[in-house]
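Remember, it's a predicted structure, so these values are computed and weren't measured experimentally.
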Amino acid sequence: MPDIAEKRVADADIQLISRMIHEWNSGDVEALLAVFDPEVEVRPALSAFLASMVYREHHGVRSWYAETNEPWAELQAEPQRFIDAGERTVVVIALHARVPGGRVDVGAEIAHVVTIRDGRIVTLDGYDDADAALAAVGLAQ
């Protein structure tokens, strides 16, 4: 089994994924769409909260963004670490959310397995925890 500490994620991939998270946090959906290939497929983490399981193409990314953010007064994502998985990158993300009308804060950690081609994200598979994402790409800690 490969040692995940030995591999380094390409700077361009880190920059693109970081840009995606930044645009997600900013709420600029048009800028968010620019990081995704027009034929992208997204399988989100936290799928129990979402009506759909797979979001396709740019219109799907719009729906994913809207459905994910709808129940929260505030939702922010913060990348914690990037792990090379060959042709894919695992990004572990801390989520910070606030419920509407209150001061209740919610925190969670999720992970995305991201495939990038020609400078755009072509697939994003979400997992409710980092271990599941690492297992999906054949890595274990």
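- For the atom pair His96 NE2 and Gln76 CD, the distance stands at 8.5 Å (nearest 0.5 Å).
- Contact check for Val61 versus Val40: side-chain heavy atoms found under the 4.5 Å cut-off.
- A donor-acceptor pair under 3.5 Å is absent between the side-chain atoms of Asp105 and the main chain of Arg98, judged by distance alone.
- Between Leu32 and Glu30, every side-chain heavy-atom pair lies at or beyond the 4.5 Å cut-off.
- For Tyr127, the ring pair (Phe, Tyr, Trp, His ring centres under 6.0 Å) criterion is met by no residue, not counting sequence neighbours.
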Only distances under 3.5 Å count here; give the side-chain donor-acceptor pairs of residues 13-23 to other protein atoms, sequence neighbours excluded, each with its distance to 0.1 Å.
from	atom 1	to	atom 2	distance (Å)
Ser18	OG	Ile14	O	2.8
Glu23	OE1	Ser26	OG	3.4

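- A heavy-atom distance below 4.5 Å is not found between the side chains of Ile121 and Thr115.
- Expressed to the nearest 0.5 Å, how far CG of Asp84 lies from CG of Leu139 amounts to 8.0 Å.
- Nearest heavy-atom pair, Val9 versus Ile83, reported as atom, atom and distance to 0.1 Å: CG2-C, 3.4 Å.
- Screening residues 114-127 for salt bridge (charged side-chain N to carboxylate O under 4.0 Å, His left out), with sequence neighbours left out, gives Arg43-Asp125.
- Once rounded to the nearest 0.5 Å, the distance linking CD of Glu74 with CG of Asn25 reads 9.5 Å.
- Here the side chains of Val91 and Ile93 are in contact, with some heavy-atom distance below 4.5 Å.
- Under the 4.5 Å side-chain criterion, counting only non-hydrogen atoms from C-beta, Trp72 is in contact with Val99.
- When side chains are defined from C-beta on, Leu124 does not count as touching Tyr55, because their heavy atoms never get closer than 4.5 Å.
- Looking at heavy atoms from C-beta onward, Phe36 lies out of side-chain contact with Val122 at the 4.5 angstrom threshold.
- His112 and Trp64 have perpendicular rings, their planes meeting at more than 60° on a 0 to 90° scale where under 30° would count as parallel.
- Taking both residues in full, the closest heavy atoms of Ala130 and Ala111 are given as CA-CB, 3.8 Å, listed atom of the first, atom of the second, then distance.
- Taking the side chain as every heavy atom from C-beta outward, Phe82 and Arg8 never approach each other to under 4.5 Å.
- Side chain of Gln80 to main chain of Glu78: a donor-acceptor pair is present (N/O by atom type, distance under 3.5 Å, no hydrogens or angles).
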Given side-chain contact (heavy atoms from CB on, under 4.5 Å), test Trp24 with Asn69 step by step and report yes or no.
CA-CA 10 Å; Trp24 179 278; Asn69 280 282; 3.5 Å; yes
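- Paired with Glu109 under the rule side-chain contact (heavy atoms from CB on, under 4.5 Å), one option of Val92, Asp129, Leu95 passes, and it is Val92.
- When atom types are taken as modelled, the side chain of Ser63 and the backbone of His59 share a donor-acceptor pair closer than 3.5 angstrom.
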